[in-house]
Amino acid sequence: MSAGTSTTPPVSPAPSVPPAAPVPSLTSVFVRLKLSLLRNGLRQSGGRTAAYVSTIVFGTVFAAAILLAFVLMRGSANADSIAILVTGFLALAWTVMPLFIPSGDETLDPSRLVMLPLRPRPLVRALLVASLVGIGPALTLILVLGAALAVAHGAAATVLAVLAVPLSAVTCVALSRAVAAANVRLLTSRKGRDLALLSGLVIAVGMQLVNFGAQRLGQAGGLESLEPATAVVGWLPPAAAIGAVDAASTGDYAVAAARLLLTAAALAGLVHWWQRSLVRLMVEPDGSTIGAAADAGVREKADGTGRLGRLLPGGRTGAVMDRSLRYIWRDPKTKASWVTSLAIGLIVPLFNAFQGVGSIYFACFASGMLGMLMYNQFGQDGSGFWMVAQTISTSADAYAELRSRALAMLTITLPYTALVTAVTAGVLGDWSRLPEALGLAFALLGAMMGTGAVTSATFPYSIPQDSGYKNVAPGQGALAWMSILGGMIAGGLLCAPLIAATVYLHLSDHQSLLWLVLPLGTLYGGLLVLAGLKLAAPRTAERLPEILAAVSKG
């Protein structure tokens, strides 16, 4: 090698960097999460899968029947009124029912997303799309499609219906989620539970207003009386979208465009409201329970539970009754359920009685509403049920637990049922039928409580306490519906013998013997409660691990 000559070492090529994997969109992640939650919930047991499939079948049949009714209604004079009002009622149901009916899933609970680096706008978009996955949104889409088919005539109306149908369905879901986000702390805070009780009363009164409107409609003698209501609801989103299709069918394109734009603007406003609520929930602390621990002793004295405990029997019976009554007074969701049931049980018979079209037998509605509170007894304990489970090792232990819970309920439901029946008789002036009506009410109450004990052991489900969105854990909604509906049907069938005996006494002109329905109904109801407890006790002891897993899910 000559002087002054240098060699340069060869430069090795840079290692190739594999391309970064594409990041999935947040929307697809939430949709897959929703599907995974549904799938995993169904895998837990065959009974839950059967209940979910049964719900799908029933919902499909119902939706198909409504869709067929709308198609057959096409061209009739009042099709527009029915289509618009049904859509408006559907939106109302989406607004209020998710707060009080078992529903919801983990993908819709913002409290579980606080620690994740998610921006509000993509989060709202992802949550909205995930909310559209499920039985409820599918049924809503079918019902809105039927409403659009009933009023769409002509090419312009058909094109507008293609836009109006998904817009209405998405608006219903967005309305539900926005209201739920604004009230997410409603049922989980100490200060919010009074508002929850007020909301329950509003729902109870609202249901009776719907009943009153239906009765007035029947007295008016035709659907023509719906025209004023249709004119108003037709401008309220999302029913305004269906009203736009109807306006396009009649050639009023300016009104059609205005109604469709109004619905789109409402959807945008709801999404904005939802986004602001999510931001507030995820960044602002909840101070509603500050100082709760400091004045716990003061509240203990104020609510009088100590004095109540001294009035209860000793041993396990008194302890369980005291615990159950504390749940009714302190737990927000339990208290809301009780107040709603008490209010509806009183409003239904009295509202009809004041209209002069009621019957004293309507007082049995109070028995039905209060008896439903016996269902899913273990779910209200939540994860704390494991402490109760430690005290249950035999059927006798389970029987004592269920009997004590039933006794706690009877301390409220028995006198309240008698009060509602007596007040209804007084308003109607029908004191002669008070004994038989009270006997039937007591029998129905006993049947509901007996079947409630059995369904509590057979179909337990969780009532999550950490979220105002859900009254049942994901994957258990169909199970909850099957439990409640099945128990109600069984309770009604169990009362059939006493009802038949009452009808026979009326038809055979044995009016003087109708007073016997009161002692017979009281005795029969008591026997049904005991039979239900006896049947549920061994099942509770055998299925204790499954019950514990089910009620602790949320």
Side-chain angles (χ1 to χ4, degrees), residues 21-42 52 55-56 59 63 87 90-91 93-95 97-99 101-145 148 161-184 237-238 241 260 263-282 467-470 472-475 477-478:
V23 179
S25 67
L26 186 63
T27 301
S28 64
V29 171
F30 270 76
V31 171
R32 290 198 303 269
L33 175 61
K34 177 70 173 287
L35 295 175
S36 298
L37 288 171
L38 292 174
R39 183 174 59 254
N40 294 337
L42 295 177
Y52 191 78
T55 302
I56 294 178
T87 307
L90 195 63
W94 270 99
T95 304
M97 291 304 176
L99 297 176
I101 299 295
S103 61
D105 59 83
E106 305 294 332
T107 61
L108 306 180
D109 188 355
S111 65
R112 300 180 181 274
L113 310 173
V114 172
M115 302 304 295
L116 299 180
L118 302 175
R119 294 183 177 276
R121 186 170 298 176
L123 177 61
V124 169
R125 182 170 57 250
L127 290 174
L128 180 58
V129 175
S131 302
L132 296 174
V133 178
I135 300 176
L139 294 179
T140 300
L141 182 62
I142 294 175
L143 293 178
V144 175
L145 175 62
V162 174
L163 301 175
V165 169
L167 181 62
S168 299
V170 174
T171 302
C172 286
V173 177
L175 177 62
S176 172
R177 295 304 102 199
V179 172
N183 295 276
V184 69
L260 190 66
T263 305
L267 176 59
L270 289 172
V271 172
H272 180 68
W273 178 30
W274 186 9
Q275 178 178 324
R276 287 177 59 87
S277 298
L278 287 178
V279 172
R280 184 171 61 254
L281 288 169
M282 299 178 74
S467 173
Y469 278 106
K470 308 182 294 294
V472 65

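Only this structure's heavy atoms are used, side chains among them; waters, hydrogens and symmetry mates stay out.
Applying the side-chain contact (heavy atoms from CB on, under 4.5 Å) rule to I135 yields the partners Y52, T55, I56, L139; only residues at least two apart in sequence or on another chain are considered. Annotation: side-chain contact (heavy atoms from CB on, under 4.5 Å) contacts of P166 (sequence neighbours excluded): none. For T171, there are no side chain to side chain donor-acceptor pair (under 3.5 Å) partners, not counting sequence neighbours. Looking at residues two or more places apart in sequence or on another chain, you find a side-chain contact (heavy atoms from CB on, under 4.5 Å) between V124 and V271, W274, Q275, L278. Under the rule for a side-chain contact (heavy atoms from CB on, under 4.5 Å), the partners of L90 that lie at least two apart in sequence or sit in another chain are W94, T140, L143, V144.
Atom OG of S176 and atom CG of L270 lie 10.5 Å apart (nearest 0.5 Å). The CG atom of L267 sits 13.5 Å away from atom NE2 of H272, with the distance rounded to the nearest 0.5 Å. Distance check: R276 CZ to R280 CZ gives 7.5 Å after rounding to the nearest 0.5 Å. Atom CG in L128 sits 11.0 Å away from atom CG in L123 (nearest 0.5 Å). Note: R119 CZ to L26 CG = 12.0 Å, rounded to the nearest 0.5 Å.
Scanning both residues, V165 and A148, for their nearest heavy atoms gives CG2-CB, 3.5 Å. Residues P137 and L132 share a closest heavy-atom pair of CB-O, 3.4 Å. Heavy-atom minimum distance, A130 versus K34: O-NZ, 3.0 Å. Of all the heavy atoms in L260 and A241, the pair that sits closest is CD1-CB, 4.4 Å. Smallest separation of non-hydrogen atoms from A91 and C172: CA-SG, 4.0 Å.
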